[in-house]
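The structure appears right after this line, and notes come after that.
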Amino acid sequence: MTLRLKQIRLTNWKCYPSQNITFNLHPDRKIQIIFGNNGHGKTSLMTAILWCLYGGDIVSKETLKTYFYRGKDDSSQAIEMQVELNFTKKEKNYFISRTAKLKVNGSTSYPSVEEALFYEDGTMRSNPREYIEALLPKSIRDFFCFDGLKIEQYTQITQTKEAKEAIEKVLGIPELRNLRDDTEKALQELEKRLNKAEGTSQTFKDKMQQLRELEEELDLKKGQLKTAKDEEKNAKIIHHDAQEKASQIESLREKLEEIHDLEKKRIGLQTQLNNLQKSIDSWLKKAAIPLLINFVQEMADDLQVTSLKSTYKTNSTEVLKAILDDESCLCGRCLDQNSRNFILQRIAELESLEVDNATRIEKDQLRIYLQGIIRDNAKFSNYSQLLLQRDRLEEEIEEINQHIKQLKQETTGINQESANEIWRTVGEWERKVKESEERIERLQKEIEIKEKQLENLRKEVEILASENQTTLMLSNQVKMARGLKNATNELIEWHIDNSQKMINQVTSDRYLQVTNKPEEYRGVEITPEYTLGIRTITGKLLNPDVLSAGEKEALAFAFITGLNQTTDACVPLIMDTPFGHLDEEHRKNIINSLPNLHSQVIILATDRDLPDPLLNLLLPHTTDIFKIHRLAADEDASVIEVMENY
């Protein structure tokens with residue numbers, strides 16, 4: 001059964017002159033929402049809860065005076081303020097209240113804070129601090145009051161000594177360590193008594209001293225062994241990640257080699273193209289009109305035809321004139337007047353079409369000149385083939401360029417230098433893994449030898465202790481105390497290891513639910529020092545410092561709720577303006593995860609934090625929705641009221 005906040009009463013606290021908030025506690029619905037604009041009192045409400053629990057650790061006495069409610073007129077400052085909280089857990093009721101009074105001394109005033117009152121099922125307890133600490137440990141207050149505006153602290157707080165202590169307190173580890181310390185003190189006391197017991201021989205004392213020294217050496221070796229195993233684990237992770245990356249590079253090696261071969265081929269083709277272009281340029285400089293050679297040929301052919309036609313016309317005219325001179329047809333018949341007129345007409349037509357002799361000679365000379373040009377440029381008859389060859393070379397080079405571009409996109413960030421660096425890293429960490437394994441093996445053998453020495457020495461001590469009844473009794477007590485100490489150490493190591501595995505798993509699952517990049521991550525890793533890292537799908541461990549503000553908030557949320565789920569100290573999760581740095585997808589993912597939490601969730605939000613589409617996702621799991629308003633009569637005073645229209 002989880003601890004749940006049932007009621008909050010505020011009297012003259014900050015902007016609340018008198019306020020009573022009662023939450024409806026439903027067995028299945030665990031979410032309450034309080035809407036309020038910035039500056040209307042959301043953070044003041046959270047601070048009131050913390051002050052009621054922890055007093056001066058939250059608000060110092062020097063600044064507490066500013067927390068008393070003031071009306072319109074500063075002179076009407078309240079004389080007394082009070083915060084009261086009502087919690088329930090396992091059918092028990094807990095009532096906590098804290099009061100502060102403003103005392104006046106002449107023209108000055110100063111606050112006086114009373115000790116908190118703690119009631120359990122109506123019975124007042126005389127030691128309220130201890131009861132509050134047992135109910136809600138002060139050290140974990142940052143893990144149940146989640147301030148979205150201070151998100152940076154949540155990703156850094158897990159790297160401090162105080163945070164580690166707070167987390168271990170949630171996990172119950174300090175109690176186990178206290179048990180171990182108690183057994184250690186009992187063991188030391190019994191050993192002192194045994195050493196000083198009446199009738200104890202010097203030999204026995206010397207053996208006891210050797211025993212203590214050997215135990216210290218053995219503890220030191222075991223500590224070194226634990227460190228070596230941690231180093232081996234870390235080295236194996238890095239080595240594995242490097243191997244995976246090297247494997248990826250190896251699979252791309254063929255593509256890298258193909259790029260290399262294509263670039264060599266491109267260079268050869270480019271050389272051919274350059275030489276061909278030089279030849280073409282040289283021929284163009286030497287040839288007068290190689291590009292017009294076909295046109296020149298057509299002109300020469302036309303002139304040849306014209307010359308032939310002119311010769312034909314001349315010959316025809318001469319034949320017709322000869323017929324007229326003979327006055328008879330070729331058949332021997334005399335020409336009549338009509339035939340003579342027809343021949344004269346044809347002669348006139350032919351003579352009208354025939355150019356003068358000078359023009360004919362000029363055309364003939366031009367034809368001869370053009371034919372000479374054609375003969376001179378006969379060596380350029382393969383010019384079109386050269387141009388075609390150039391075009392083909394250019395097309396082939398362009399195809400190679402496109403292929404190289406595609407291969408380089410597939411091998412982005414990978415080159416021979418980076419491949420060599422990865423393989424160097426693989427070799428380096430393979431060596432470190434081997435060194436760690438050898439060191440572990442060596443330490444294990446040394447520990448085994450020392451444990452045998454210790455066992456033999458203890459037998460000698462037991463024999464010497466049996467010389468008289470007192471030392472025998474004390475020796476047996478020492479043996480029992482030592483056994484209890486060893487059992488406690490084993491229990492602590494198991495509990496810490498098991499707790500960290502649970503937190504790691506739950507936090508990872510939660511983070512993959514809320515992050516907007518689940519396909520890029522394997523999950524969250526939490527070190528023995530409770531520092532956080534995110535393992536990418538490629539095996540790289542990211543430090544939170546490289547994350548965006550939204551991703552940091554998602555990580556902090558996953559870690560805090562992970563702690564809440566893996567411990568018995570399941571306390572209310574109070575979230576003040578929780579979505580300030582989040583994009584829409586992050587917000588939606590976190591909203592969808594809230595109903596799955598075991599704890600009560602109280603959200604202090606603006607309308608912008610929870611627009612209607614997101615709010616509708618929460619409504620089936622929500623019991624109460626409140627709204628903070630400014631009082632019309634006093635613009636500095638706020639009141640929290642139930643919203644009836646939801």
Side-chain angles (χ1 to χ4, degrees), residues 3 5 7-19 21 41-70 74 77-87 94-120 124-147 149-150 152-154 156-157 160-170 174 560 569 571-577 602 604 638:
L3 180 70
L5 181 58
Q7 192 172 46
I8 306 172
R9 288 196 186 96
L10 308 174
T11 304
N12 294 326
W13 173 267
K14 293 285 280 183
C15 59
Y16 297 105
S18 179
Q19 182 65 56
I21 307 170
K42 297 189 304 297
T43 302
S44 295
L45 182 60
M46 177 183 280
T47 306
I49 295 171
L50 293 173
W51 179 77
C52 182
L53 294 169
Y54 311 119
D57 292 329
I58 303 301
V59 181
S60 67
K61 194 172 182 179
E62 291 74 19
T63 60
L64 187 60
K65 181 179 177 180
T66 62
Y67 280 72
F68 284 78
Y69 168 72
R70 295 173 181 267
D74 286 350
Q77 187 175 28
I79 301 300
E80 180 177 289
M81 70 177 177
Q82 187 178 55
V83 178
E84 301 168 281
L85 305 175
N86 182 204
F87 292 94
Y94 303 95
F95 176 81
I96 306 168
S97 70
R98 191 179 295 272
T99 303
K101 296 182 179 180
L102 198 62
K103 295 187 176 181
V104 179
N105 185 7
S107 59
T108 62
S109 60
Y110 61 93
S112 173
V113 184
E114 298 179 3
E115 184 59 78
L117 299 177
F118 189 97
Y119 291 85
E120 183 177 2
M124 188 174 73
R125 302 301 181 182
S126 58
N127 47 351
R129 290 190 184 183
E130 293 182 11
Y131 276 89
I132 292 173
E133 186 67 17
L135 192 68
L136 278 165
K138 179 176 60 179
S139 57
I140 69 166
R141 66 177 182 267
D142 287 325
F143 301 114
F144 69 81
C145 284
F146 186 93
D147 187 349
L149 296 178
K150 299 178 181 177
E152 293 288 339
Q153 297 179 9
Y154 288 95
Q156 295 174 3
I157 197 170
T160 66
K161 178 182 177 182
E162 293 77 11
K164 180 182 176 182
E165 291 175 351
I167 294 167
E168 290 187 341
K169 190 158 189 176
V170 172
I560 291 170
V571 299
L573 181 62
I574 305 173
M575 306 172 69
D576 181 12
T577 318
I602 301 173
L604 307 174
S638 295

Which residue, E120, E133, E130, forms the salt bridge (Lys or Arg N to Asp or Glu O under 4.0 Å) with R125?
E120
Which atom pair, heavy atoms only, marks the closest approach of [X] to [Y]?
X: A100; Y: L64; value: CB-CD2, 3.9 Å
X: P17; Y: S638; value: CD-O, 3.9 Å
X: E84; Y: S97; value: CG-CB, 3.7 Å
X: F87; Y: P572; value: CE2-CG, 4.4 Å

Output the distance between atom [atom1] ([X]) and atom [atom2] ([Y]), rounded to the nearest 0.5 Å.
X: S112; Y: K101; atom1: OG; atom2: NZ; result: 8.0 Å
X: I49; Y: L85; atom1: CD1; atom2: CG; result: 6.0 Å
X: I574; Y: M46; atom1: CD1; atom2: CE; result: 5.5 Å

One pair to check against side chain to side chain contact (heavy atoms under 4.5 Å, CB included): L604 and M575. What are the steps and the verdict?
CA-CA 6 Å; L604 307 174; M575 306 172 69; over 6 Å; no
Please determine whether side chain to side chain contact (heavy atoms under 4.5 Å, CB included) holds for the pair L10 and L45, giving the CA-CA distance in whole Å, both sets of side-chain angles, and the decisive distance to 0.1 Å.
CA-CA 9 Å; L10 308 174; L45 182 60; 3.7 Å; yes
Could you check F118 against L135 for side chain to side chain contact (heavy atoms under 4.5 Å, CB included), going step by step and ending with a plain yes or no?
CA-CA 11 Å; F118 189 97; L135 192 68; 4.2 Å; yes
For residues 52-59, please give each side-chain donor-acceptor pair under 3.5 Å, one per line with the distance, not counting sequence neighbours.
from	atom 1	to	atom 2	distance (Å)
Y54	OH	L136	O	2.7
Y54	OH	P137	O	3.4
D57	OD2	K138	NZ	2.8

The residue among N12, L102, I79 that forms side chain to side chain contact (heavy atoms under 4.5 Å, CB included) with F68 is L102
Regarding K14 and the six-membered ring of Y67, is the cationic atom NZ or CZ under 6.0 Å from the ring centre and inside 45° of its axis?
yes
Among side-chain atoms of K65 and S109, is any donor-acceptor pair under 3.5 angstrom?
yes
Between T47 and S44, a side-chain donor and acceptor under 3.5 Å
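Short answer, no.
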Candidate pair L117 and I96, rule side chain to side chain contact (heavy atoms under 4.5 Å, CB included), full reasoning:
CA-CA 5 Å; L117 299 177; I96 306 168; over 6 Å; no
For Y94, does its backbone N or O pair with a side-chain atom of N86 as donor and acceptor, under 3.5 Å?
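Indeed, once roles are kept as given, a pair shorter than 3.5 Å links the two residues.
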Would you say the side-chain atoms of R98 pair up with the backbone N or O of W51, donor to acceptor, closer than 3.5 Å?
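Yes; at least one donor-acceptor contact below 3.5 Å.
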Aromatic contact, W13 with Y69 (centres under 6.0 Å)
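No, too far apart.
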Give me the one residue out of E114, Q82, E115, E80 that meets side chain to side chain donor-acceptor pair (under 3.5 Å) with T99.
Q82
